[in-house]
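What follows is a single structure, written as structure tokens, with notes after it.
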Amino acid sequence: MLLLASLLFAGCTLAKVDVNVVSERTSLENQVLGTYNALSEDVLLVASVRGVSPTGKVDAPQKHSPEHQEAAQALEAIAFHADDVDTFKRLGWVGESLEGTLAPFERALPEKAPADLKAFAARFTEGEFKQVVDEVNRSREILMLRVVRTNENFTAKDLPAIRKVFARINRQNSAPGTRVQGDDGKWVNQ
């Protein structure tokens with residue numbers, strides 16, 4: 001009996017098995033990010049290409065569709081306002097919604113706010129705050145729609161899922177303490 005047991009165990013080996021589970025969410029995120037990154041790279045390349053040929057002649061700039069130019073301007077607007085948006089988040093004035101956009105809150109100054117935040121808050125009027133939030137949200141909407149239009153796998157009916165992907169990415173890229181809307185619709189500080 002002992003001999004039989006040792007023969008059985010001697011023939012058994014433990015094999016390492018790698019299991020990679022790819023959920024639908026990850027696949028969708030990869031498609032959205034791929035399309036978004038391709039657009040970002042394209043805009044960067046257009047901005048960094050010299051307008052002079054190797055022979056020394058000035059080349060005419062490459063023509064782009066109005067939709068492409070609109071998306072490029074949206075990326076620029078988001079980048080331009082990034083510092084302000086981060087500070088708005090630190091102040092608790094905005095949060096990341098489930099729709100992939102910024103949700104404004106009351107513009108109260110936290111009691112224990114550092115001096116730099118107090119000085120920042122004093123510089124922004126309600127109108128300026130609203131203008132920045134509206135411009136960033138408009139730009140995010142343009143980019144979400146551009147992802148739908150430029151990826152052959154997406155249609156308008158995919159926009160709600162794409163919004164969720166953008167929302168998840170925006171939450172992940174936000175600093176701790178940022179207000180975020182959970183999947184249940186409730187607002188929490190992450």
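Below, all heavy atoms of this structure are taken into account, side chains as well, without hydrogens, waters or symmetry copies. None of the values given here were measured: they were computed from a predicted structure.
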Original post:
Is there a donor-acceptor pair closer than 3.5 Å between any side-chain N or O of Trp93 and the backbone N or O of Pro104?
Top reply: no

Original post:
If you measure from CZ on Phe88 to CG on Asp83, what distance do you get to the nearest 0.5 Å?
Top reply: 11.0 Å

Original post:
Can you name the side chain to side chain contact (heavy atoms under 4.5 Å, CB included) partners of Glu67, sequence neighbours left out?
Top reply: Ser65, Arg146

**OP:** Would you mind listing every salt bridge (Lys or Arg N to Asp or Glu O under 4.0 Å) that reaches into residues 119-128, with sequence neighbours excluded?
**Re:** Arg107-Glu126

Original post:
Are Leu143 and Ile78 side-chain neighbours, meaning at least one heavy-atom pair lies under 4.5 Å?
Top reply: yes

Original post:
If every non-hydrogen atom of Phe124 is compared with every non-hydrogen atom of Phe129, which pair is closest and at what distance?
Top reply: CD2-N, 3.9 Å

Original post:
Is the shortest heavy-atom distance from the side chain of Pro176 to the side chain of Gln190 under 4.5 Å?
Top reply: no

Subject >> Listed partners of Gln73 passing side chain to side chain donor-acceptor pair (under 3.5 Å), at least two apart >> reply: none

Subject >> Spatial distance of atom CG (Leu145) from atom CZ (Phe154) [nearest 0.5 Å] >> reply: 13.0 Å

**OP:** Name all pairs fulfilling the side chain to side chain donor-acceptor pair (under 3.5 Å) condition that reach into residues 175-186, sequence neighbours left out, sorted by first residue then second.
**Re:** none

Original post:
In chain order, what residues pass the side chain to side chain contact (heavy atoms under 4.5 Å, CB included) check against Asn153, with sequence neighbours excluded?
Top reply: Gln31, Asn151

Subject >> Spacing of CD belonging to Glu99 relative to CG belonging to Leu159, to within rounding of 0.5 Å >> reply: 8.5 Å

For residues 133-142, dump all side-chain donor-acceptor pairs below 3.5 Å to protein atoms at least two apart in sequence or in another chain.
residue : atom : partner : partner atom : Å
Asp134  : OD2  : Lys130  : NZ           : 2.7
Glu135  : OE1  : His81   : NE2          : 3.3
Asn137  : OD1  : Leu102  : N            : 2.6
Asn137  : ND2  : Leu102  : O            : 3.0
Ser139  : OG   : Glu135  : O            : 2.9
Arg140  : NH1  : Glu96   : OE1          : 2.7
Arg140  : NH1  : Gly100  : O            : 3.3
Arg140  : NH2  : Glu96   : OE2          : 3.0
Glu141  : OE1  : Arg163  : NH1          : 3.3
Glu141  : OE1  : Arg163  : NH2          : 2.8
Glu141  : OE2  : Arg163  : NH1          : 2.9

Original post:
Other than Phe105, what residues sit in its cluster of Ile, Leu, Val, Met, Phe, Trp and Tyr side chains whose heavy atoms are under 4.5 Å apart, directly or through others?
Top reply: Trp187

Pairs under 3.5 angstrom only: tabulate donor-acceptor contacts from the side chains of residues 110-122 to other protein residues two or more places apart or in another chain.
none

**OP:** Could I get the full list of side chain to side chain contact (heavy atoms under 4.5 Å, CB included) partners for Thr155, not counting sequence neighbours?
**Re:** Lys157, Asp158

